[in-house]
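Beneath this line is the structure, given in structure tokens, with notes to follow.
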Protein chains: 4
Amino acid sequence: MHIRVGCEFSYEATWPTPTVLLVQPHPLGEHTIVREEWQLTSQIAMHAYHDIYGNLCQRLLLPQGDHMLRYDATIEVADTWDDVSPAAPQLPVEDLPDDVLLYTLPSRFCLSDVLSDTAWALFGTTEPGWARVQAICDWVHEHIRFQYGTSMSQTTAVDIYVQRVGVCRDLTHLAVTFCRALNIPTRYVFGYLPDIGVPISEAPMDFCAWMEVYLGDRWWTFDPRNNTPRVGRVLIGRGRDALDVAMVTSYGSPTLRQMIVWADEALAEQGKTITPMES
Amino acid sequence: MHIRVGCEFSYEATWPTPTVLLVQPHPLGEHTIVREEWQLTSQIAMHAYHDIYGNLCQRLLLPQGDHMLRYDATIEVADTWDDVSPAAPQLPVEDLPDDVLLYTLPSRFCLSDVLSDTAWALFGTTEPGWARVQAICDWVHEHIRFQYGTSMSQTTAVDIYVQRVGVCRDLTHLAVTFCRALNIPTRYVFGYLPDIGVPISEAPMDFCAWMEVYLGDRWWTFDPRNNTPRVGRVLIGRGRDALDVAMVTSYGSPTLRQMIVWADEALAEQGKTITPMES
Amino acid sequence: MHIRVGCEFSYEATWPTPTVLLVQPHPLGEHTIVREEWQLTSQIAMHAYHDIYGNLCQRLLLPQGDHMLRYDATIEVADTWDDVSPAAPQLPVEDLPDDVLLYTLPSRFCLSDVLSDTAWALFGTTEPGWARVQAICDWVHEHIRFQYGTSMSQTTAVDIYVQRVGVCRDLTHLAVTFCRALNIPTRYVFGYLPDIGVPISEAPMDFCAWMEVYLGDRWWTFDPRNNTPRVGRVLIGRGRDALDVAMVTSYGSPTLRQMIVWADEALAEQGKTITPMES
Amino acid sequence: MHIRVGCEFSYEATWPTPTVLLVQPHPLGEHTIVREEWQLTSQIAMHAYHDIYGNLCQRLLLPQGDHMLRYDATIEVADTWDDVSPAAPQLPVEDLPDDVLLYTLPSRFCLSDVLSDTAWALFGTTEPGWARVQAICDWVHEHIRFQYGTSMSQTTAVDIYVQRVGVCRDLTHLAVTFCRALNIPTRYVFGYLPDIGVPISEAPMDFCAWMEVYLGDRWWTFDPRNNTPRVGRVLIGRGRDALDVAMVTSYGSPTLRQMIVWADEALAEQGKTITPMES
């Protein structure tokens with residue numbers, strides 16, 4: 001199955017601005033890059049590196065003035081829906097692999113220390129493992145209203161729990177936070193998500209945040225914003241929270257004029273225009 | 001029915017400290033002062049005044065050094081339990097008396113603006129009026145664990161909602177906050193509360209915070225910390241939250257060595273020693 | 001000197017909405033109402049009352065649909081600039097009148113308890129009294145950038161101190177907070193402020209928040225946003241902070257389509273259109 | 001130069017508790033381990049691993065009951081004081097190595113996004129590079145009072161900036177935050193710190209938090225708590241903030257009865273007893 005993904009940013013920078021882009025599929029994701037292409041309005045040197053989580057980042061010095069950056073690719077993914085495995089067990093902490101322990105700790109936006117008692121009160125009586133994670137996703141999906149423009153760059157999971165409204169970044173932060181508070185390793189992930197099999201009216205986005213939870217001997221995809229299995233996810237980045245996997249990190253304040261993201265089956269190209277805050 | 005109430009503070013002040021005490025029964029409370037007496041270790045001039053809420057405050061300049069202040073009184077109260085009136089209706093905001101509107105607004109510790117969506121999510125489907133207020137008290141009583149030492153002087157109702165533990169001040173703040181978020185006028189109150197009819201093991205306190213809610217044409221007592229009708233309450237102060245009705249307000253940092261508060265039926269005098277934070 | 005003041009709100013309400021307006025000059029302000037007039041698009045019953053601070057409020061039930069409310073008045077004020085009295089002394093707390101003690105306490109947005117150590121660190125070595133208050137106004141005026149759209153309805157003085165940007169409401173909250181932390185009684189006030197004697201380019205607003213500070217035996221006007229004496233202020237409301245003197249308090253969520261406020265010398269009528277957040 | 005370092009924890013656990021210890025010198029630190037020894041009251045299996053930052057952690061399952069864990073080592077370090085290099089330049093972001101970019105981002109306790117404008121206001125006019133970092137350390141050292149018991153496990157750098165008091169963890173968090181807000185890569189570090197050359201009265205601690213700042217082509221030690229070069233530091237852990245380098249991370253709530261840490265020149269063994277919160 002082929003997914004065409006990509007994004008286009010139009011910027012105005014008042015001076016040269018160091019920038020990191022995280023928009024390419026993750027090197028270790030379960031997909032194959034069939035074709036990919038960068039396009040920039042001017043000659044800009046880009047430099048690729050892998051961050052501490054293994055994400056593929058591009059560094060560049062955004063030149064002064066109006067500029068456009070565009071990434072376009074065709075990705076082959078399996079024609080299968082998110083795995084569902086209700087029998088996947090929750091490991092006791094002492095049996096977790098060393099390298100997943102990091103994902104039981106709080107982070108900038110996922111204040112699992114603050115929400116610890118709340119998490120135990122809400123989910124402490126659910127069956128540990130898959131059922132507990134699903135209960136968390138159900139709760140977040142049902143109780144946190146999805147609405148654009150209701151959160152800001154500094155909004156934490158605690159804010160979301162209190163205000164009960166947010167965007168997919170926020171719903172994911174809160175679910176990640178509850179899982180970690182219950183000692184379930186959980187990482188925040190971010191990727192392209194085509195609207196395959198979804199009624200048009202409910203599918204305004206072509207990229208999304210979701211999460212991966214460690215149960216049994218592997219990571220599993222959960223998506224508290226959509227809360228239903230999907231097909232065609234193309235993973236971009238993994239980290240502790242949205243801070244670690246920002247699509248664009250700018251050292252300065254260039255003005256983002258427009259951002260377009262696409263993710264569609266086969267080769268059909270259908271860009272959608274969104275505002276910067278809408279992820 | 002006679003209740004003997006009072007309190008004793010032992011302080012050490014490194015310099016003369018302006019202080020306001022709020023420990024005498026409220027001038028408009030439903031009680032009669034049979035006898036009252038102040039006792040101070042040294043000659044200290046006290047000056048009485050009524051604050052903006054009608055509470056009876058005493059101003060004094062606490063002298064340098066170690067000092068003790070003691071208030072002791074015998075109060076006559078009706079031998080009846082807190083009124084319960086499930087039929088008391090919730091007035092639409094437009095029908096509320098002018099002077100109760102103040103108690104629909106947020107205040108320093110009762111951030112009803114922040115918890116507005118939470119309040120509607122938790123209680124929006126309950127029947128307006130008495131049942132809704134009772135549902136709020138039940139929720140707070142069941143979900144917020146009572147434990148000494150779990151909150152600080154700056155702890156707000158939002159903190160309590162998130163941490164799910166607090167003292168009677170905190171439980172009351174949260175219930176007040178939910179009521180106001182639902183447009184039900186609610187004031188924070190504070191008084192002496194004898195342990196009449198309460199198993200000894202559950203009755204460590206002789207003073208307590210509770211709240212008054214405006215339903216129908218009057219204010220009604222609700223007590224989310226105890227959540228059961230009581231007899232013998234002696235109201236001291238009313239206000240928007242604990243800030244307005246502090247037992248002691250010091251302009252400086254005298255060291256509180258010991259505070260004893262008593263409230264007992266008839267003339268039996270049984271002081272109980274508590275630490276300053278235990279209200 | 002005659003000042004023409006007033007305001008016009010255009011609303012759309014999806015259902016009848018209880019509303020309180022605070023737009024008329026304060027009954028105890030140093031001004032005389034020469035003429036005043038209310039105008040509403042439909043027959044709406046209004047009911048006046050004085051709140052706990054003595055402000056003149058109007059209650060009404062905003063009808064469903066699109067509506068306009070307009071208040072227009074001609075006010076006579078003294079042709080003098082804000083009093084300046086550097087010799088006005090700061091009273092020790094024990095000498096303050098009873099009824100000003102309220103204004104030494106923290107409030108919803110003026111968290112003088114949280115910023116206590118900061119206030120003493122920044123201003124503890126200044127000369128008590130007028131000089132200390134002026135030092136606070138200077139600091140706020142110089143260090144907090146004025147910019148529309150940088151704060152929200154729940155933004156506190158602590159947020160402003162940290163983010164160093166805000167609108168006149170926020171600058172005033174921070175200055176009020178510092179004063180109270182230093183035991184100087186300070187109330188938040190709100191009124192019409194004509195641009196008399198001010199370069200046009202620096203005078204976009206016709207209403208403003210400022211503060212009153214108790215020194216010697218009276219309240220004095222300080223304006224940390226403008227930080228220079230002005231002429232023609234028409235006081236509307238006084239309170240502990242912006243929460244107590246909101247121009248419009250709605251029990252519901254009507255959509256504010258447009259708000260115009262004017263304040264101009266003599267009878268010249270020059271309305272200015274502003275967005276709702278720009279106060 | 002030989003430093004004897006170590007620590008001893010006495011715990012009571014009500015059930016077996018998964019625990020991670022981070023007390024051994026960092027594998028890449030500039031020191032040599034001459035001798036090291038673990039001692040435990042009962043047979044407990046320990047498992048070593050390196051976390052994402054390269055720190056050497058020990059995992060164990062703390063058994064139920066009262067237990068003691070003790071680590072003791074002799075470490076050889078250079079007999080030199082912290083390097084001082086005022087000429088070390090601040091690199092433009094575009095010239096920073098890929099792997100240090102992580103340390104320009106906010107983290108759980110170092111909210112450099114929130115304090116960005118404050119950092120620029122306070123330090124934006126200082127000379128970039130060593131002088132700027134030193135100005136930050138000086139400011140923190142002078143303006144944040146050091147006092148035990150003034151912060152909690154969830155206290156952030158913003159809280160510290162506002163309350164102006166904290167412990168070495170907090171002072172370091174605030175300095176790290178300011179550096180990052182100014183695009184200077186900074187990591188939080190933690191280690192043993194003997195009191196060599198320090199007047200006894202000012203040297204109560206044998207472990208401490210400090211920070212490493214990337215200037216020129218390497219990391220440099222800065223210590224805002226002590227703010228003077230020291231000799232004999234034995235680095236334990238590096239990370240984004242205290243969360244990443246906790247001495248003890250417990251998945252459960254064992255009661256810490258006592259913690260002793262030592263760090264002394266040569267072989268003299270002088271343990272000091274401290275309470276858990278005193279780091």
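Fair warning: this is a prediction, and the values are worked out from it, not measured in the lab. Sequence lines set the chain letters: A, B, ... in the order given, protein chains first and strands last, and positions in each chain run from 1. Below, each value reflects all heavy atoms present in this structure, side chains not excepted, and no hydrogens, waters or symmetry copies.
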Exercise: do C:His50 and B:Asp98 side chains pair donor with acceptor under 3.5 Å: no
Inspect the contact between C:Arg108 and B:Asp241 and indicate whether a charged nitrogen and a carboxylate oxygen are less than 4.0 angstrom apart. no
CD (C:Glu36) with more than 12 external heavy atoms under 6.0 Å: yes
Within the structure provided, determine whether [X] and [Y] are in side-chain contact (heavy-atom separation under 4.5 Å).
| X | Y | result |
| --- | --- | --- |
| B:Ser153 | C:Asp113 | no |
| B:Asp51 | C:Leu102 | no |
| B:Asp99 | C:Tyr49 | no |
| C:Thr249 | B:Leu105 | yes |
| C:Arg59 | B:Leu96 | yes |

Return the option, out of B:Asn183, B:Ile52, B:Leu111, with the maximum number of heavy-atom pairs under 4.5 Å with chain C. B:Ile52
As an exercise, state the distance from CZ of B:Arg240 to CZ of C:Arg240, rounded to the nearest 0.5 Å. 6.0 Å
Part of C:Leu61 within contact of chain B (heavy atom distance under 4.5 Å): side chain
Report which part of C:Thr156 has an atom under 4.5 Å of a heavy atom belonging to chain B: side chain, backbone, both, or neither. neither
Among C:Cys110, C:Gly252, C:Pro16, C:Pro18, who wins on heavy-atom pairs under 4.5 Å with chain B? C:Pro18
Examine whether an atom of B:Leu101 lies under 4.5 Å from a heavy atom of chain C, and if so say whether it belongs to the side chain, the backbone or both; otherwise answer neither. both
